[in-house]
Amino acid sequence: MQIDVVTLFPEWFDWFRSQRHIANAAAQGHELRTLNPRENTPLSGGQVDDTPFGGGAGMVLRVDVMDHALRSFYGVDPVDLRRERRVIALTPGGRLLDEGLVNELAAEPAVTILCGRYEGFDERIVQHFCSDAVSIGRYVLAGGELAAMVLCDTVLRKQPGALGHADSAAEESFSDALGGDPEYPHYTRPSEYRGWKVPDVLLSGHHEEIRRWRRARSRERGAASEGSSLS
Ligand code: 6GU
C-alpha cells in the first residue's frame, strides 16, 4: 500500500522509516512518503497557519495552504482526491483508532494522512478534503506526527512480510483468532526464576490443553479490561 503523510515535520519520519518492520514493508513494495505544505505554500515567508477567527490561543493550519499542497502533489483538486483514496485528518476529537479501523485501513491500496499542529486544522480542511477524522486516544498531543506513526505502524505491520514470522499477526491481541480478546501471557526460559515458575501446562507438551489454557487466559484479560474501559 501507499501511505502519504502531510506534515510540517517530515524529518520526524526518517527515524521511523529506518525501523525494521517499516523497512521490511518498504522492501515488500509498500510506500511511506511525506510532503511538507511549507515547501510550496502560496503565502510569503513559508507561512502555513494563522490566528483563529473569533479569537483564542494558538494557530490554525490554513485551508488555502492545504489545498495548494495537496493539489500540487497529486495533480487533482483535493475535493476529488478523497473519492480516490482515504484522506485522514488526525485530530484528538476524531474516530478512535481501534483494531477494526486498523484492519479497514490496512486493506486500502492508498491513504493520505494529514497531521495537524498547533490548534489544528481550519475545519474546512476536514469537511472538504478528508474522508475520515481519526484520533489515537482521548488526550492531546502537540501534533499529529506521533499519531501518524502509530497509525502507520499498526497498518504496515498487518501487511504480509512486514513481520518476521508469517503467523505473528494472526493470533495476536484483538485478532479474530482470539475472539477480539487481548493476547494470552507468554513465557520463555528459564522455566523458574527467583522462585517464579512458568505454568506447568506450558511445559506439558499437550497442545490441546495449552490451547485451552491460552484461550481461557485471553478471555480473562478481555473481561478485566472491559471493566476498566470507558466505552
Ligand atoms: Cl490524531 N492528534 C493530536 N494532536 N492529538 C491527539 C491525537 C491526534 N489523538 C490523540 N491525541
Side-chain angles (χ1 to χ4, degrees), residues 1-17 19 21-22 25 30-38 41 46-67 69-70 73 78 81-82 85-108 110-158 173-174 182 225 228-231:
M1 74 184 296
Q2 180 184 65
I3 305 180
D4 295 334
V5 180
V6 183
T7 170
L8 296 171
F9 300 92
E11 65 280 1
W12 283 41
F13 293 84
D14 295 342
W15 165 83
F16 183 65
R17 263 195 215 92
Q19 301 310 300
H21 63 293
I22 306 302
H30 303 289
E31 255 186 301
L32 176 59
R33 305 188 294 184
T34 49
L35 75 133
N36 185 352
R38 204 185 298 282
T41 173
Q47 187 188 348
V48 291
D49 54 5
D50 225 318
T51 53
F53 283 128
M59 299 292 272
V60 177
L61 213 58
R62 286 175 56 134
V63 63
D64 52 348
V65 169
M66 188 59 82
D67 192 348
L70 292 172
F73 191 73
L81 182 68
R82 70 172 177 184
R85 56 198 286 151
R86 300 279 280 264
V87 180
I88 299 165
L90 290 178
T91 171
R95 171 179 170 191
L96 268 186
L97 183 66
D98 62 9
E99 195 67 3
L101 181 53
V102 169
N103 286 329
E104 217 179 275
L105 296 175
E108 294 283 336
V111 302
T112 299
I113 300 172
L114 312 185
C115 298
R117 268 275 143 181
Y118 319 113
E119 287 306 296
F121 307 100
D122 185 302
E123 189 59 23
R124 291 167 292 183
I125 294 175
V126 183
Q127 274 181 345
H128 300 290
F129 300 158
C130 295
S131 57
D132 304 78
V134 170
S135 165
I136 64 162
R138 295 300 183 227
Y139 44 80
V140 181
L141 299 163
E145 282 74 16
L146 288 173
M149 288 183 213
V150 168
L151 184 52
C152 290
D153 188 288
T154 58
V155 162
L156 285 176
R157 67 186 292 287
K158 295 276 181 189
S173 292
F174 320 117
S225 66
S228 62
S229 93
L230 293 172
S231 56

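Starting from 1, each residue takes its place in the sequence as its number. Every number for a ligand or one of its atoms is a count from 1 in the order of the listing.
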List, one per line, each side-chain donor-acceptor pair under 3.5 Å for residues 57-64, sequence neighbours excluded.
residue, atom, partner, partner atom, Å
R62, NE, D64, OD1, 3.0
R62, NE, D64, OD2, 3.4
R62, NH1, D50, OD2, 2.7
R62, NH2, D64, OD2, 2.6

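Among protein heavy atoms, the minimum distance from atom 2 (N) of ligand 1 is reached at P92 CD, 3.8 Å. From the protein, the heavy atom lying nearest to atom 4 (N) of ligand 1 is L141 O, 3.2 Å.
Put simply, the side chain of L32 reaches to within 4.5 Å of the side chain of V5, judged on heavy atoms.
Closest approach of Q2 and R85 over heavy atoms only: OE1-NH1, 3.0 Å.
Residue pairs meeting the salt bridge (Lys or Arg N to Asp or Glu O under 4.0 Å) criterion with at least one partner in residues 133-156, sequence neighbours excluded, are R117-E145.
Distances from ligand 1 to the non-hydrogen atoms of G137 include at least one value under 4.0 Å. Not close to ligand 1: L97, with no non-hydrogen atom less than 4.0 angstrom away.
Separating the CD1 atom in I125 from the SG atom in C130 is a distance of 7.5 Å, to the nearest 0.5 Å. For the atom pair N103 CG and D98 CG, the distance stands at 9.0 Å (nearest 0.5 Å).
Residue A147 approaches ligand 1 through these ligand atoms, each under 4.0 Å from one of its heavy atoms: 1 (Cl), 8 (C). Within ligand 1, the atoms closer than 4.0 Å to a non-hydrogen atom of V134 are 1 (Cl), numbered from 1 in the order shown. Listed by number with element, the atoms of ligand 1 under 4.0 Å from a non-hydrogen atom of Y139 are 6 (C), 10 (C), 11 (N). Below 4.0 Å from some heavy atom of I136 lie the following atoms of ligand 1, by number and element: 9 (N), 10 (C). Close approach of ligand 1 to L90 is summarised as follows: ligand atoms under 4.0 Å from at least one heavy atom of the residue are 1 (Cl).
Relative ring orientation between F13 and F16 is described as perpendicular, the plane-to-plane angle rising above 60° on a 0-90° scale split at 30° and 60°.
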